There are 2 protein chains.
Amino acid sequence: MSVITNEPERTEVILEHANEAEHFLKQLANKTRLMVLTSLVGKELSVSDLLTRIDVTQPVLSQHLALLREAKMVATRRDGQVIYYRLTDERVHKVLGLINTFYPASMPD
Amino acid sequence: MSVITNEPERTEVILEHANEAEHFLKQLANKTRLMVLTSLVGKELSVSDLLTRIDVTQPVLSQHLALLREAKMVATRRDGQVIYYRLTDERVHKVLGLINTFYPASMPD
DNA sequence: CTGAATCATAAGAAAACTCTAATATGATCA
DNA sequence: TGATCATATTAGAGTTTTCTTATGATTCAG
């Protein structure tokens with residue numbers, strides 16, 4: 001029935017998924033959320049941890065975290081009163097990795 | 001002075017470029033603009049061409065094209081009364097290619 | 001149980017984005 | 001020149017996103 005379609009690229013697939021792609025990109029297209037997601041690459045962090053790294057108020061951070069949870073881009077684990085967040089969407093990881101290549105690497109700490 | 005930093009990934013670079021990354025992603029995070037950009041992969045198209053493929057009014061398309069021009073994601077060429085658009089940002093091409101892999105390939109025409 | 005700490009939620013204001021409708025610009029052609 | 005075609009621009013309305021402020025829920029220590 002279906003044949004192997006081995007063109008080097010078929011970006012047109014997005015045309016049929018433009019709504020989903022728009023939605024996905026919108027979830028990433030926010031400074032606070034980008035910083036959250038980037039901070040979570042390779043490690044789990046608590047909300048307090050994130051608050052020390054990102055300059056936003058607690059409710060604002062919490063609202064962005066709620067959005068990311070809803071989007072299933074992150075998941076949580078509770079330990080006492082602390083809630084740890086981690087990345088759960090490999091697509092996010094890939095996009096962050098690509099975007100990362102667009103900017104010059106800065107001096108590591 | 002600087003040393004080779006050859007970690008497998010250093011997504012933290014985005015942290016220092018979160019504003020730019022947000023701006024870049026916002027420009028992509030729109031159905032009409034995604035369809036425009038995707039339609040332009042590998043080919044030049046006129047505004048009329050785009051209008052036949054994308055279901056929006058002429059002024060709306062023109063406004064989105066203005067934004068993409070401003071963002072330098074596309075460039076134009078005039079031939080008589082027709083204006084042709086083409087992609088000019090390799091980063092856009094790369095992101096579209098990646099997003100594309102997130103969706104199942106559909107049957108080619 | 002009371003209080004403090006950590007995190008979440010909700011309502012409304014403010015800001016940003018997108019569309020509608022009307023008009024303008026530039027090119028071609030009779 | 002005047003009409004028409006292709007595309008762009010503008011003002012304002014409508015919609016969506018984000019923030020502010022206040023409050024709620026859960027956990028733990030004393």
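Fair warning: this is a prediction, and the values are worked out from it, not measured in the lab.
For B:Arg91, the side chain to side chain donor-acceptor pair (under 3.5 Å) test picks out B:Asp89, with sequence neighbours left out. Applying the ring pair (Phe, Tyr, Trp, His ring centres under 6.0 Å) test to A:Tyr84 and every residue at least two apart in sequence or in another chain returns nothing. For A:Glu20, the side chain to side chain contact (heavy atoms under 4.5 Å, CB included) partners are A:His17, B:Tyr103, not counting sequence neighbours.
The stretch residues 68-77 of chain B has no heavy atom under 4.0 angstrom from DNA chain C at all. Less than 4.0 Å separates DNA chain D from at least one heavy atom of each of the following residues of residues 55-64 of chain A: A:Pro59, A:Val60, A:Gln63, A:His64.
Between the NZ atom of A:Lys31 and the C1' atom of D:dC19 there is a distance of 15 Å, given to the nearest Å. Atom P of nucleotide D:dA8 and atom CG of B:Leu65 are separated by 6 Å, given to the nearest angstrom. If you take CG of B:Asn30 and C1' of D:dT17, they are 14 Å apart, rounded to a whole angstrom.
Across the interface with DNA chain D, nearest-nucleotide mapping of A:Gln81 and A:Lys26 shows A:Lys26 to be the residue nearer the 5′ end. For the pair A:Ala29 and A:Asp79, both in contact range of DNA chain D, the more 5′-proximal nearest nucleotide belongs to A:Ala29.
Regarding contacts with the backbone of D:dT7, every side-chain N or O of B:Tyr84 stays at 4.0 angstrom or more from both OP1 and OP2.
Taking the 5' to 3' direction, DNA chain C first and last meets chain A under 4.0 angstrom from a heavy atom at C:dA5 to C:dA11.
No engagement by A:Thr32 is indicated, since no non-hydrogen atom pair under 4.0 Å with the nucleic acid exists.
We find that A:Lys94 and A:Glu90 are not joined by a salt bridge, their nearest charged nitrogen and carboxylate oxygen being 4.0 Å or further apart.
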